[in-house]
Amino acid sequence: MTKIPCNNMGTYNGRRSKFNFTQFLAIVITVMFIITVVLTFNLLTSDHCKCQSQDVSMEQIRYIPNKLAPYASPYKLAVLVPFRDRFEELLIFAPYIHNFLNAQHINHNIFILNQVDRYRFNRASLINVGYLYTRSNYDYIAMHDVDLLPLNKNLSYAYPKRQPFHVAAPNLHPRYHYEKFVGGILLVNREHFGLVNGMSNKYWGWGLEDDEFFVRLRDANLNVTRPVNITTGTNNTFRHIHDKNHRKRDTTKCYNQREITRKRDRQTGLHDVNYTISSIKSMTIDDAPLTILNIELICDHKLTPWCDCAEKKPDNKKISITKT
Ligand code: UDP
Ligand code: MN
C-alpha cells in the first residue's frame with residue numbers, strides 16, 4: 001500500500017523532475033537561441049555598416065567632384081572619339097578628359113569609335129555611327145579628336161542649347177586658324193545633329209569632312225558659337241599630341257575623290273551610313289570608364305571607290321591609282 005503512493009509519488013516525483021529538466025532544457029535552448037540571434041544580428045549589422053562606409057569612401061575617392069557637388073546640368077554628354085590605332089594617345093586622353101569634365105560637373109560618357117574594317121579612315125561616318133548609338137540616351141555629343149586636350153579650364157563643355165559650340169576655335173587651335181574650321185572638338189545637341197542629317201559618308205582618308213559639316217550647319221541656319229574671354233592663345237589653350245612623322249595623315253587622293261569632296265554632299269548622311277558594330281567592349285583607363293564600339297564600315301564602291309586607293313593587281317603588287 002505504501003508502495004503505491006510511494007511509487008505514485010515516485011512516479012509523480014520522477015515526472016516532475018523530468019518535466020523540470022525538460023523545462024530547464026527548453027529555457028536554456030531558448031536563451032541560447034535568443035543570444036545567437038542577437039549576436040548574429042549585431043554582427044551582420046556591423047558588417048553591413050562597415051561595407052557601406054567602405055563603399056562610400058571608395059566612391060568619394062574616385063568621384064570627388066561629382067559627390068561634392070551634383071551635376072550642374074541635367075544634360076548628358078556623349079564624347080564621341082573617332083579612332084584607329086591611337087592607343088598611346090588614348091591612354092593620355094581618357095583620364096584627362098574624364099577629370100576635366102568632372103571638374104565642370106558634366107554628366108558624360110566616353111565612346112571610342114574604333115574603325116576595324118580595312119577601308120581608309122572615315123572620321124565622319126564613325127561620328128554618324130556614334131550618334132545613332134547614343135542618341136536615345138544622350139542630349140548632346142562632343143565630336144572629339146583623341147589627340148587634342150583642352151588645357152584651359154574655362155573652355156566650357158556645357159549643353160549647346162541654341163547653336164553648336166566649337167571648343168577648338170581657330171583663334172585657339174594650335175594648327176588650324178581659318179574662320180570656317182569646325183574640327184578638333186565640336187559640341188552639337190542631338191536635335192541639331194539630326195536636323196542636318198549628320199555628316200557626309202563620302203570622306204575616306206584625311207580632311208575636308210569637317211568643312212563640309214560647316215556648310216551643313218550654315219545651310220540649316222546654325223552658326224557655331226565659340227569660347228569668349230579666353231586669355232590663353234594658340235600655344236597654350238590645347239595640347240595637340242601629334243607627331244606628323246609618327247602619325248602620318250592619309251592625304252592620298254584617288255579616282256575623282258578630290259573633285260567630289262570639294263562639294264557640299266546633299267546625298268549621304270545619318271540616314272544611309274552603312275555599318276555593323278561587330279562588338280562592344282567596356283574598359284577603364286585609370287578612373288575613366290570607356291565604351292569601345294568596334295565598327296565595320298561598309299563602302300559602296302560605286303559611290304565612293306576612293307574608300308580603298310590601294311587596290312591589288314593580280315601579281316599582288318600594290319598600285320596607287322591617281323585621279324581618273
Ligand atoms: N584618327 C585616328 N586614327 C587615324 C586617323 C585619325 O584615330 O588613323 C582620329 C583621331 O581621333 C584624330 C582625329 O581622327 O585625333 C583627327 O585626325 P588627325 O589627328 O590626323 O587630324 P589633324 O586634326 O591633326 O589634322
Ligand atoms: Mn591631330
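Positions are given from 1, in the same order as the sequence printed here. Computed from heavy atoms alone, side chains included, the values below leave out hydrogens, waters and symmetry copies. Note that ligands are numbered from 1 as they come in the structure, with each ligand's atoms numbered from 1 the same way.
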Any nitrogen or oxygen of [X], side chain or backbone, less than 3.5 Å from one on ligand 1?
{"X": "Val81", "answer": "no"}
{"X": "Pro82", "answer": "yes"}
{"X": "Trp206", "answer": "yes"}

Heavy-atom closest contact (His271 atom, Asn197 atom, distance):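 Result for this residue pair: ND1-ND2, 3.0 Å.
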Taking all heavy atoms of Arg216 and all of Gly198, pick out the closest pair and write down the distance.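 For Arg216 versus Gly198, the nearest heavy atoms are NH1-O, 3.1 Å.
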Let me check your reading of the structure: within less than 2.8 Å of the Mn ion (ligand 2), is there an N/O/S atom from Asp147? yes
Could you check [atom] against the protein and tell me its nearest heavy-atom contact, residue, atom and distance included?
{"atom": "atom 3 (N) of ligand 1", "result": "Arg84 O, 2.8 Å"}
{"atom": "atom 14 (O) of ligand 1", "result": "Phe121 CE2, 3.5 Å"}
{"atom": "atom 24 (O) of ligand 1", "result": "Arg249 NH2, 2.8 Å"}
{"atom": "atom 4 (C) of ligand 1", "result": "Arg86 NH2, 3.3 Å"}
{"atom": "atom 25 (O) of ligand 1", "result": "Tyr176 OH, 2.5 Å"}

Hey, does the Lys NZ or Arg CZ of Lys180 hover above the aromatic six-ring of Phe214, less than 6.0 Å from the centre and inside 45° of the axis? no
Ligand 1 atoms in contact with His242 (distance to a heavy atom under 4.0 Å): 18 (P), 19 (O), 20 (O), 24 (O)
In ligand 1, which numbered atoms sit nearer than 4.0 Å to a non-hydrogen atom of Asp145? 11 (O), 13 (C), 15 (O), 16 (C), 23 (O)
To check your reading of the site, what angle at the Mn ion (ligand 2) do NE2 of His240 and ND1 of His242 form, to 10°? 100°
Nearest 0.5 angstrom please: Gln104 CD to Asn99 CG, how far?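 Result: 12.0 Å between the selected atoms.
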Do Phe93 and Tyr96 make the cut of ring centroids closer than 6.0 angstrom? no
Verify atom 17 (O) of ligand 1: protein non-hydrogen atom under 4.0 angstrom away: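 So atom 17 (O) of ligand 1 lacks protein heavy-atom neighbours under 4.0 Å.
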Where does His240 meet ligand 1, judged by heavy-atom distances below 4.0 Å: at the side chain, the backbone, both, or neither?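 Near ligand 1, His240 shows its side chain, while the N, CA, C and O stay back.
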Asn229 atom CG, neighbour heavy-atom count above 12 within 6.0 Å: no
For Ser278, run the side-chain contact (heavy atoms from CB on, under 4.5 Å) check against Leu293, Asp117, Asn294 and tell me which one passes.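 That would be Asn294; it is the only one of Leu293, Asp117, Asn294 passing the side-chain contact (heavy atoms from CB on, under 4.5 Å) with Ser278.
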Please state which option from Leu126, Asn122, Asp147, Asn114 has its nearest heavy atom closest to atom 15 (O) of ligand 1. Asp147
Thr234 (side chain) donor-acceptor with Pro174 (main chain) under 3.5 angstrom: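 Side chain of Thr234 to backbone of Pro174: no pair is present.
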Under the criterion side-chain hydrogen bond (donor to acceptor under 3.5 Å, both in side chains), I'd like the reasoning laid out for Tyr178 against Asp211: C-alpha separation, chi angles, the key distance, then a yes or no. CA-CA 10 Å; Tyr178 56 97; Asp211 294 351; 2.8 Å; yes
Given side chains that start at C-beta, do those of Gln115 and Pro82 come closer than 4.5 Å, heavy atoms only? no
